Amino acid sequence: MTTAIAKFDFFLRSTAGGALTNHRVLAETALSKLGEANSADGKLWVNVNDNGTIGWTRPDNLRQTALVRAIGENELASASVAIAKALQTNAGYLLAVAHVESRDDWRNGVITSSTDNVGAVAPFRFTSASWMTIAQSDLGRSVGLRDAGLSFPDQQCLAMALKSKQDAEALTKDLERFVTTIDLYLAHIFGVTAAVALRQPSAQAKKLSDIFDNLGLTANQQQELLDGRGLLTMDAGTGVVVSTFLERCATALQAGLDRAATLLREFSIELPDSSDASFNDIPTNFKGVVIQVEPDDVDALGRLCNKEVGVFKTFGEQVLDDGVGAVVDTVFNRIVDNSTEFENTIQSVIDERSQFSPILDTPNKTWRELPPSEKISAIVDAHLKRRAMGGSSLILGAMHFFNPHASNPNWGPVVKANPTYIAGNPDTEFVHYHGFPVKQSGARYQAPGSYVIYHAGRGHAFNGDGSAMAALEVPTTDNDVLQLLRDHIAKGKIRFQSPKDTLRGMLLGNGQSGSATPALQKLVLHLASVVDTFIEISSIVRPGAGSLHQTGQAVDIGNEGVAGTLLPKVSVQSAVDSFGINEIIFDSRKIGQKTNRYNFNSGHPFAFDDATINQHGNHIHFAVF
């Protein structure tokens, strides 16, 4: 018995030269060749077994090996988007792994250090054994994987998407936290058990071989990993220290993710609303509540907000947008609260008994009986996308709001006297005071724990006060910061206005007329890391009494176009504290916000006067302590 591959789609025949059956064999299907025979007219026919169905076909329909098929980068990106949408996973992660594993060689072929050319096949580095495991599974068959599909990049992409979903489910259970890109990548290379072992704090100072020994892998199995899989991509053997290997993984994956982001911007099709945990701004050590927003949730929030704050449109679009955002953030905070007072999903929080007055007025006490509003739902969607990309909460961690002209709760006076946010117009009867009431026990309500908002293919982690967690690890030494700054400059993530060489020297600490302090260097590195494009520095050290520029503690970013994505991630208290930010000055009206929406002074939110704002009319100003 030998194996042949179908060249084309065809139907089997009942006997050599006999009638056609209803069994169709698909191209690239692996067939067991049982024997040969001649029909009455003397033609040669081949007897084959297609997964239990036996029949006859002409030898011209068969070949001994699968075709070697090449694929371009854009073609693979297109396949990734279609597959990600179908399986509700993440196209960015699929493309990133392809870049890392294939070394940008999309052709069918083996990338290996073994002299007998045995190893894993590009672009996703499935070995023959690992391929058969997933292709022959019930789920693999259900999505159309074929035994011969190892030779086809689009089939590999399909298998990778399926595997990432399965791995994400297993890792979430074993790690008890939100799964990251590196977690998924390690599971792809080594399997879930090894990935979990490699992510433990106790493993970081050990060698890979120590971990594999503990898992019971033999020397031969370790050598197979070395010859055939992702260890080659990282230019490391099993003797490398785990922490070093993970750093190499992170660097390689980030480069792949950057390239994937560029490719995916060329497609009009959006990433799915529901996705796995990869390709998002989630710290690797995150533990908290994950809020995954579904389309029905957007509808529910839109209907609720339409009744709660729709009238705020009287005061302008920005007031309406902020009022909607404040209600949405209230729902989120209630979900995250770890007490038993509130429900733990978006729709159940909205429908909770005796909470939101619009629900109380419906016959069956449900959001589905509230009138829909496309306009308000669009505002909700925009707010969700802003939050999922790192935008901070409007109301801090508050779970309560009220209108003193419409209700008089016993906790109202405390909230009105100490609001975390005022939505609407306090000079009218259309106003909401958000804040922390006092409980019957006398204790004050507190902000909830940490959480992730996941929407429209993006996700970000937040502290309980609604400020964004930093997704990137802060380098530990000044030398690390300098090296990463040089890398960003080389890649065009950090650019300079004239005089370019002078500003570059100032940033890297060798300026002839002064240099940036280490704290400022670290902040600039972070600014460049959280934008999708680049930052362009227009000023660092310059004379001026009383100015932090004079001492190398301030930087001006001249390409103001990045403000809309940069400031929501940096102008939040957690980032200000982490990076020792003293000042942020920018006229936020340029991005549709109130003048001082993102401004800080002495490390705290601050409203600068018009004269100060006007002095910073063509740049974003940052300063550190």
Side-chain angles (χ1 to χ4, degrees), residues 1-72 75-76 78-79 82-83 86 102 105-112 114-163 224 228:
M1 180 185 299
T2 59
T3 299
I5 309 295
K7 286 183 180 180
F8 316 104
D9 291 2
F10 61 85
F11 288 91
L12 292 176
R13 294 179 181 266
S14 55
T15 60
L20 288 173
T21 69
N22 290 325
H23 185 78
R24 184 182 184 184
V25 175
L26 302 179
E28 302 305 322
T29 298
L31 305 168
S32 299
K33 184 176 176 182
L34 304 178
E36 299 177 348
N38 291 325
S39 57
D41 58 4
K43 292 180 179 179
L44 181 65
W45 293 80
V46 181
N47 192 210
V48 296
N49 182 339
D50 180 17
N51 198 30
T53 300
I54 297 174
W56 294 82
T57 189
R58 292 279 290 150
D60 291 345
N61 289 334
L62 307 176
R63 58 171 175 266
Q64 297 305 309
T65 59
L67 287 174
V68 174
R69 183 178 292 180
I71 190 169
E75 185 182 354
L76 186 63
S78 179
I83 289 168
S102 70
D105 183 354
W106 312 115
R107 298 167 299 171
N108 171 55
V110 175
I111 299 177
T112 177
S114 176
T115 54
D116 61 2
N117 207 39
V118 174
V121 179
F124 292 100
R125 279 193 187 277
F126 282 100
T127 63
S128 296
S130 64
W131 177 261
M132 287 303 182
T133 298
I134 191 168
Q136 294 182 352
S137 67
D138 290 341
L139 281 175
R141 293 301 193 207
S142 70
V143 299
L145 293 180
R146 305 187 299 271
D147 290 355
L150 176 62
S151 300
F152 292 84
D154 54 346
Q155 278 267 295
Q156 283 211 17
C157 188
L158 182 60
M160 189 68 197
L162 181 60
K163 189 174 187 301
E224 287 177 6

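Since we're looking at a predicted model, the values are computed, not measured. Computation of the quantities below employed the complete heavy-atom set of this structure, encompassing side-chain atoms and omitting hydrogens, waters and symmetry-equivalent molecules.
- The minimum heavy-atom distance between A161 and I83, with the atom names listed, is CB-CG2, 3.6 Å.
- For the atom pair CG of L12 and OG1 of T21, the computed distance is 5.0 Å after rounding to the nearest 0.5 Å.
- Atom CZ of residue R58 and atom CG of residue L44 lie 6.5 Å apart, to the nearest 0.5 angstrom.
- Considering NZ of K163 and CG of L145, their distance stands at 13.0 Å, rounded to 0.5 Å.
- Across Q156 and W131, no two heavy atoms sit closer than the pair CA-CZ3, 3.8 Å.
- Without hydrogens or angle criteria, Q155 side chain to G144 main chain gives a donor-acceptor distance under 3.5 Å.
- Between the side chain of N38 and the backbone N or O of W45, no donor-acceptor pair lies under 3.5 Å.
- Here the shortest heavy-atom pairing between V143 and L158 reads O-CD2, 3.3 Å.
- For the pair L31 and V46, the minimum side-chain heavy-atom distance is 4.5 Å or more.
- The OG1 atom of T3 sits 11.5 Å away from atom CG of L62, with the distance rounded to the nearest 0.5 Å.
- For N22, the CG atom sits in a loose shell: 12 or fewer heavy atoms of surrounding residues, nucleotides or ligands are nearer than 6.0 Å.
- For R13 (side chain) and W56 (main-chain N/O), no donor-acceptor pair under 3.5 Å exists by modelled atom type.
- Between F126 and I134, the closest heavy-atom pair is CE2-CG2, 4.5 Å.
- A16 and S39 make their closest contact through O-CB, 3.5 Å (heavy atoms, listed as atom of the first residue, atom of the second, distance).
- Annotation: the span from N51 atom CG to H23 atom NE2 amounts to 8.0 Å, rounded to 0.5 Å.
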